[in-house]
Amino acid sequence: MLSIYNTLTRKKEEFKPINPPYVNMYVCGPTVYDYFHIGNARSFIMSDIIRRYLEYKGFDVKFVMNLTDVDDKIIKKSNEEKKDAGAIADLYIKAFFEDIEKLKIKKADLYPKATAHMQEIIGLIKKLVDKGFAYNVDGNVFYDVSKFEKYGKLSGKNLDELISGARIEINEEKKNPLDFSLWKKAKEGEPYWESPWGNGRPGWHIECSAMSCKHLGETFDIHAGGNDLIFPHHENEIAQSEAANGKKFVNYWIHFGFLNINNEKMSKSLGNFFTAREILKLFSAEAIRLAFAQTHYAGPLNFSDELLASAEKGLEKLNNLADKVDEEIKKNNTTGNVPAFEFNKFKNDFENAMDDDFNSPQACAVIFDFVREVNRAIAENENISSKFFLDVKEFLQNTAEGVLGILDFSKSTVSSNDSISEDLINLLIKLRIDAKKEKNYALSDKIRDELNKLGIILQDSKEGTAYKRTKK
RNA sequence: GGCGCUGUAGCCAAGUGGCUUAAGGCGAAGGUCUGCAAAACCUUUAUUCGUCGGUUCGAAUCCGACCGGCGCCUCCA
């Protein structure tokens with residue numbers, strides 16, 4: 001039984017999709033005014049792991065991630081760089097897809113753009129105005145929070161407190177300081193669309209309500225995003241969607257904890273701001289994913305080079321086994337022993353971990369336990385059948401590769417399509433074995449060291465000498 | 001001020017009442033194997049879970065107080 005911590009109820013709840021096996025899931029995507037940062041990457045990776053696990057469980061997931069391509073920050077950047085706002089958005093959308101791919105994040109089924117949904121957005125605002133939840137003041141349309149009695153139900157706030165503690169700039173046009181923009185009147189030089197209230201553009205929250213409704217329906221299963229989106233963004237989405245449709249908006253709200261640097265929030269002003277692409281130059285996608293998966297998605301994560309370095313080291317153990325497994329499968333040994341091994345126990349442990357509110361740190365522990373047990377079986381048995389290794393591979397493919405994305409069998413170092421270099425390496429290995437037989441260890445060590453410098457690591461064992469390439 | 005998260009070994013981090021006299025990763029120490037390495041395996045590395053009290057047959061887990069870290073309430077993943 002899969003349970004999920006629901007921000008709305010502040011409890012772990014059994015996950016019951018509206019229309020199984022279908023699951024409709026919406027994750028707040030980037031505002032495309034810059035490269036996304038490593039904190040965004042955490043949200044994207046953790047939502048990817050959640051999505052992959054739902055698919056592992058047999059759900060048919062429709063995964064939608066919006067691209068907010070019209071917004072104040074984009075306009076600001078376009079003014080600064082004297083470029084068209086659309087060109088800025090296009091540039092960073094392209095970069096977004098490049099980075100997502102490098103991070104091994106599975107593509108969403110849909111990436112709706114705000115600018116491609118103006119009719120839906122305007123339609124939704126119109127509905128809110130008609131129903132009396134919104135008002136127009138000279139071309140600016142605001143949502144009237146006092147009209148939505150459940151305002152604050154997601155963030156646990158109530159209107160009076162919000163008003164008294166409000167640090168919101170005074171806007172004379174608003175009836176209530178907490179009212180938020182649905183439609184902003186265009187200023188000189190800003191991109192605009194035509195609407196019943198004049199030329200303008202949508203406010204920040206409305207595009208998510210409009211696009212999720214269009215692509216996932218008026219009520220859908222899961223909505224996820226960063227912690228800081230609980231208020232006001234998600235609160236406002238609820239207010240908009242539920243007021244317009246008269247139905248519950250989302251059943252399960254999932255929120256990701258913040259990524260901190262030295263226990264401080266990452267921010268450009270503190271100078272501790274890293275983009276995902278900068279980090280990808282230093283560490284592998286798998287290491288980033290493992291580092292993230294080893295912390296529960298909802299808690300804070302303190303990010304550092306050491307964290308990634310330690311993940312990178314841990315990954316070596318996993319990769320070494322994966323290489324070994326491929327090597328053994330290649331041998332196609334059909335007559336060897338099949339060691340007794342509790343594959344089902346590990347499978348159950350993995351599933352129990354992930355079923356418990358996507359406890360990926362526990363799931364990682366299961367995988368590392370599995371790796372150790374397999375290595376032990378290999379050490380304790382001789383002449384092992386390839387069948388065993390096929391089972392090992394299947395488990396790792398389903399879990400470490402398929403759900404967590406911390407392993408990539410296609411990166412295997414065993415096969416090389418460069419047969420000449422492979423032959424050359426094997427030739428050197430033969431020469432080294434000859435040297436060893438003559439106890440010419442100076443020469444044999446030299447061969448090993450020199451190959452090492454070229455990124456080829458030799459490993460002697462009872463069965464002979466194997467080599468692997470250091471991975472990038 | 002309001003709301004919420006958090007304090008577990010040298011570092012990162014699960015566990016939230018008995019299955020745990022506390023997982024897993026990194027690091028450290030010793031060992032097996034090896035000509036030496038590497039890899040792999042084995043052993044050791046928190047009698048203890050911020051502090052002090054309380055509830056309980058039993059608590060890292062529940063309650064209270066106190067001390068510390070962080071986030072949101074304004075754009076933000």
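To find a chain, count down the sequence lines: A is the first, B the second, and so on, and within it residues start at 1.
Note on A:Ile367: nothing from the nucleic acid sits closer than 4.0 angstrom, heavy atoms only. Here A:Gly225 lies in heavy-atom contact (under 4.0 Å) with sugar-phosphate atoms only. If you check every strand for non-hydrogen atoms under 4.0 Å, A:Asp72 touches nothing. Within the nucleic acid shown, A:Gly257 comes within 4.0 Å of at least one base atom, counting heavy atoms only. Among the protein residues, A:Leu259 comes within range of the nucleic acid bases, having at least one heavy atom under 4.0 Å from a base atom. Across all strands, A:His233 comes closer than 4.0 Å to no nucleic acid atom at all (heavy-atom distances).
What separates CZ of A:Phe231 from C1' of B:C75 is a distance of 13 Å, to the nearest Å. Whole-Å rounding puts the A:Leu307 CG to B:A14 P distance at 11 Å. Here the C1' atom of nucleotide B:C12 and the CZ atom of A:Phe292 are 13 Å apart, to the nearest Å. Atom CD in A:Glu373 sits about 11 Å away from atom P in B:G24, given to the nearest Å. When rounded to the nearest whole Å, the span between CD of A:Glu312 and C1' of B:C12 equals 15 Å. Computed from coordinates, the A:Asn260 CG to B:C12 C1' distance equals 14 Å when rounded to whole Å. Rounded to whole Å, the distance from CD1 on A:Ile457 to P on B:C36 is 20 Å. The NZ atom of A:Lys157 sits 12 Å away from the P atom of B:G2 (whole-angstrom rounding).
Summarising the base pairing, B:C41 is matched to B:G31 through a Watson-Crick or G-U wobble pair whose two defining distances lie under 3.5 Å. As the counterpart of B:G64, B:C52 is assigned, both hydrogen-bonding distances of the Watson-Crick or G-U wobble pattern falling under 3.5 Å. Judged by Watson-Crick or G-U wobble contacts below 3.5 Å, the nucleotide B:U20 has no partner. B:C72 is paired with B:G2 under the criterion used here, namely a Watson-Crick or G-U wobble arrangement in which both key atom distances are under 3.5 Å.
A gap of 23 Å separates the C1' atoms of B:A22 and B:C63, to the nearest Å. Rounded to a whole angstrom, the distance from the P atom of B:G24 to that of B:U45 is 13 Å. The same atom, P, is picked in B:A23 and in B:A14; the two are 15 Å apart, to the nearest Å. Taking atom P on both nucleotides, B:G10 is separated from B:U48 by 13 Å, rounded to a whole Å. Rounded to whole Å, the P atom of B:U6 lies 16 Å from the corresponding atom of B:G64. Look at the P atom in both B:A37 and B:G30: the space between them is 12 Å, to the nearest Å. Atom name C1', nucleotides B:U32 and B:C26: the rounded distance is 23 Å, in whole Å. Rounded to a whole angstrom, the distance from the C1' atom of B:C41 to that of B:U34 is 14 Å.
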Checklist entry - Taking it one step at a time, do A:Ser3 and A:Asp355 satisfy side chain to side chain contact (heavy atoms under 4.5 Å, CB included)? => result CA-CA 6 Å; A:Ser3 60; A:Asp355 275 350; over 6 Å; no
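Between A:Phe343 and A:Phe370, the ring planes lie tilted relative to each other; the angle falls in the 30° to 60° range.
At the phosphate of B:C42, OP1 or OP2 sits under 4.0 Å from a side-chain N or O atom of A:Arg376. Listed pair A:Asn359 / B:G15 meets the phosphate criterion, a side-chain N or O lying under 4.0 Å from OP1 or OP2. At B:G27, one or more side-chain N or O atoms of A:Lys313 fall inside 4.0 Å of OP1 or OP2 (strictly under the cut-off). One finds a side-chain N or O of A:Lys317 lying less than 4.0 angstrom from the OP1 or OP2 phosphate oxygen of B:C26. Phosphate contact (OP1/OP2 of B:C12, side-chain N/O of A:Asn302, threshold under 4.0 Å): absent.
Considering only side-chain atoms of A:Arg448, the nucleotide from B:A77, B:G35, B:A13 that sits closest is B:G35. If you check B:A13, B:C3, B:A77 against the side chain of A:Pro361, the one that comes closest is B:A13. Among the nucleotides B:C72, B:C41, B:A23, the one closest to any side-chain atom of A:Asn375 is B:C41. In the set B:A14, B:U74, B:A77, the nucleotide with an atom closest to the side chain of A:Leu178 is B:U74. Distance from the side chain of A:Arg10 is smallest for B:G4 among the nucleotides B:G4, B:G2, B:A77. Side-chain atoms of A:Gln294 lie closest to B:G25 of the nucleotides B:A77, B:C12, B:G25. Of the candidates B:G25, B:A38, B:C72, B:C72 carries the atom nearest the A:Lys265 side chain, counting heavy atoms from C-beta on.
A:His37 pairs with exactly one of A:Phe273, A:Phe44, A:Phe96, A:Phe274 by the ring pair (Phe, Tyr, Trp, His ring centres under 6.0 Å) rule, that one being A:Phe273. The only member of A:Val374, A:Asn381, A:Val325 that meets side chain to side chain contact (heavy atoms under 4.5 Å, CB included) when paired with A:Phe388 is A:Val374. When the options A:Thr68, A:Ile88, A:Asp69 are evaluated for a side chain to side chain contact (heavy atoms under 4.5 Å, CB included) with A:Val32, the one that passes is A:Asp69.
For the pair A:Arg432 and A:Gln362, nearest-nucleotide mapping onto RNA chain B gives the more 5' position to A:Gln362. A residue-by-residue look at A:Ser444 and A:Ala365 shows that A:Ala365 has its nearest nucleotide of RNA chain B further toward the 5' end.
Residues A:Phe142 and A:Phe180 fail the side-chain proximity criterion, which asks for heavy atoms closer than 4.5 Å. You'll find the side chain of A:Glu237 reaches within 4.5 Å of the side chain of A:Cys28, heavy atoms only.
The side-chain ring of A:Phe258 is not stacked on the base of B:G71, judged by centre separation under 5.5 angstrom and plane angle under 30 degrees. The aromatic ring of A:Phe368 does not sit over the base of B:G25, since the test of centres under 5.5 Å and planes under 30° is not met.
No more than 12 heavy atoms of other residues, nucleotides or ligands shown are found within 6.0 angstrom of CD on A:Glu342.
Judged by distance alone with a 3.5 Å cut-off, no donor-acceptor contact links the side chain of A:Arg42 to the base of B:A77. No hydrogens or angles were tested; on distance alone, a donor-acceptor pair under 3.5 Å links the side chain of A:Asp460 to the base of B:C36. One N or O donor and one acceptor, one from the side chain of A:Asp445 and one from the base of B:G35, sit under 3.5 Å apart. At a cut-off of 3.5 angstrom, the base of B:C42 holds no donor-acceptor pair with the side chain of A:Arg372.
Salt-bridge annotation for A:Arg372 and A:Asp369: present, with a side-chain N of the basic residue lying under 4.0 Å from a carboxylate O of the acidic one.
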